[in-house]
Amino acid sequence: MSAGELPWQGGCRCGQVRIKVSAQPLLTMACHCTGCQRMTGSAFSLSVAIPSEGFDVTRGEPVIGGLHGATRHYFCPHCMSWMFTRPEGMDWFVNLRATMLDDPSWCRPFIETWTSEKLPWVSTSAVHSYAALPPLESYEQLLADYARHSEED
């Protein structure tokens, strides 16, 4: 499925926080860790890695929620929708919850992580699966594979 033309718009459930994406995604993923399960109230979180320079909050002021550590999870202060994450030490991208986009229909996970914690009945269409996180040295190839895969869709 095609992601469509940029820019993309999105926002939280109540609309008080709005975002704009002006850069193509680096990667899409499903995370099956129990933390994501609890924060989404679902079987996994569906995310789109966006280059930081292509991501803007255009209305409202998200607050940090979830875990209050070095990795920062941002939520709408009113409806408490988990909107995006800024992972520790990786300031070059924002991990946006795909369902915050006004049209997330194109998004399907290219990789899935933390399958060691996934619920036994869950399956995705991910091309790559990892029991935890991909090894750091795999990311360059994963990003290149995702770019090629996206062009083919």
Side-chain angles (χ1 to χ4, degrees), residues 1-115 117-119 122 124-128 130 132-134 136 139-140 142-143 145-147 149-151 153:
M1 289 185 144
S2 172
E5 280 193 43
L6 293 170
W8 305 327
Q9 306 294 323
C12 64
R13 184 173 184 180
C14 73
Q16 287 190 18
V17 177
R18 295 288 298 166
I19 55 107
K20 180 172 117 178
V21 173
S22 58
Q24 289 294 328
L26 302 166
L27 194 63
T28 57
M29 66 214 91
C31 180
H32 297 279
C33 78
T34 55
C36 282
Q37 290 173 23
R38 289 181 177 144
M39 287 201 332
T40 61
S42 187
F44 56 85
S45 68
L46 182 61
S47 303
V48 182
I50 304 292
S52 291
E53 67 274 5
F55 177 83
D56 289 302
V57 174
T58 58
R59 183 171 66 208
E61 191 68 39
V63 297
I64 295 174
L67 296 176
H68 290 260
T71 293
R72 298 162 321 275
H73 302 290
Y74 288 88
F75 291 74
C76 168
H78 183 73
C79 68
M80 301 308 292
S81 296
W82 178 24
M83 299 187 68
F84 59 95
T85 300
R86 293 189 182 271
E88 175 183 12
M90 299 182 192
D91 292 340
W92 51 277
F93 81 97
V94 174
N95 201 16
L96 174 65
R97 302 284 80 68
T99 52
M100 295 300 114
L101 293 169
D102 290 343
D103 179 10
S105 63
W106 61 270
C107 186
R108 60 180 175 235
F110 185 69
I111 69 170
E112 59 183 344
T113 60
W114 289 102
T115 58
E117 297 182 7
K118 92 176 177 176
L119 297 173
V122 172
T124 73
S125 60
V127 176
H128 302 281
Y130 298 91
L133 294 172
L136 221 44
Y139 279 95
E140 186 175 345
L142 283 171
L143 297 178
D145 289 350
Y146 176 77
H149 186 79
S150 296
E151 289 171 3
D153 279 351

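Here, residue 1 is the first one in the sequence, and each next residue gets the next number.
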* Asked: Using a distance-only test with no angle check, is there a side-chain donor-acceptor pair under 3.5 angstrom linking T71 and R86?
  -> no
* Taking every non-hydrogen atom, the tightest pair across H32 and Q37 -> O-NE2, 2.7 Å
* Are any non-hydrogen side-chain atoms of R108 and T28 less than 4.5 angstrom apart? -> no
* Asked: Quick one: ring-ring contact (aromatic ring centres under 6.0 Å, His included) partners of Y74, sequence neighbours excluded?
  -> F84
* To do: Give, for atom OG of S42 and atom CG of L119, the distance between the pair rounded to the nearest 0.5 Å.
  => 8.5 Å
* **Any side-chain heavy-atom pair of N95 and M29 under 4.5 Å** => yes
* Asked: Quick one: are D145 and V127 in side-chain contact, heavy atoms under 4.5 Å?
  -> no
* **Nearest-0.5 Å distance, CD of residue E61 to CD of residue Q16** => 12.5 Å
* Which pair of heavy atoms, one from S45 and one from T40, lies closest together, and at what distance? -> CB-CG2, 3.7 Å
* **Heavy-atom check, side chain of V17 versus side chain of P77, under 4.5 Å** => yes
* Check: F93 and P87 side chains under 4.5 Å, non-hydrogen atoms -> yes
* Structure fact -> Between C14 and H78, the two heavy atoms sitting closest are SG-CD2, 3.8 Å
* To do: First locate atom CD of E5, then atom CD of Q24, and finally report the distance between them rounded to the nearest 0.5 Å.
  => 10.0 Å
* **Derivation and outcome, side chain to side chain donor-acceptor pair (under 3.5 Å), residues R72 and T85** => CA-CA 6 Å; R72 298 162 321 275; T85 300; over 6 Å; no
* Asked: Where does the angle between the aromatic ring planes of F110 and H149 fall among parallel (under 30°), tilted (30 to 60°) and perpendicular (over 60°)?
  -> tilted
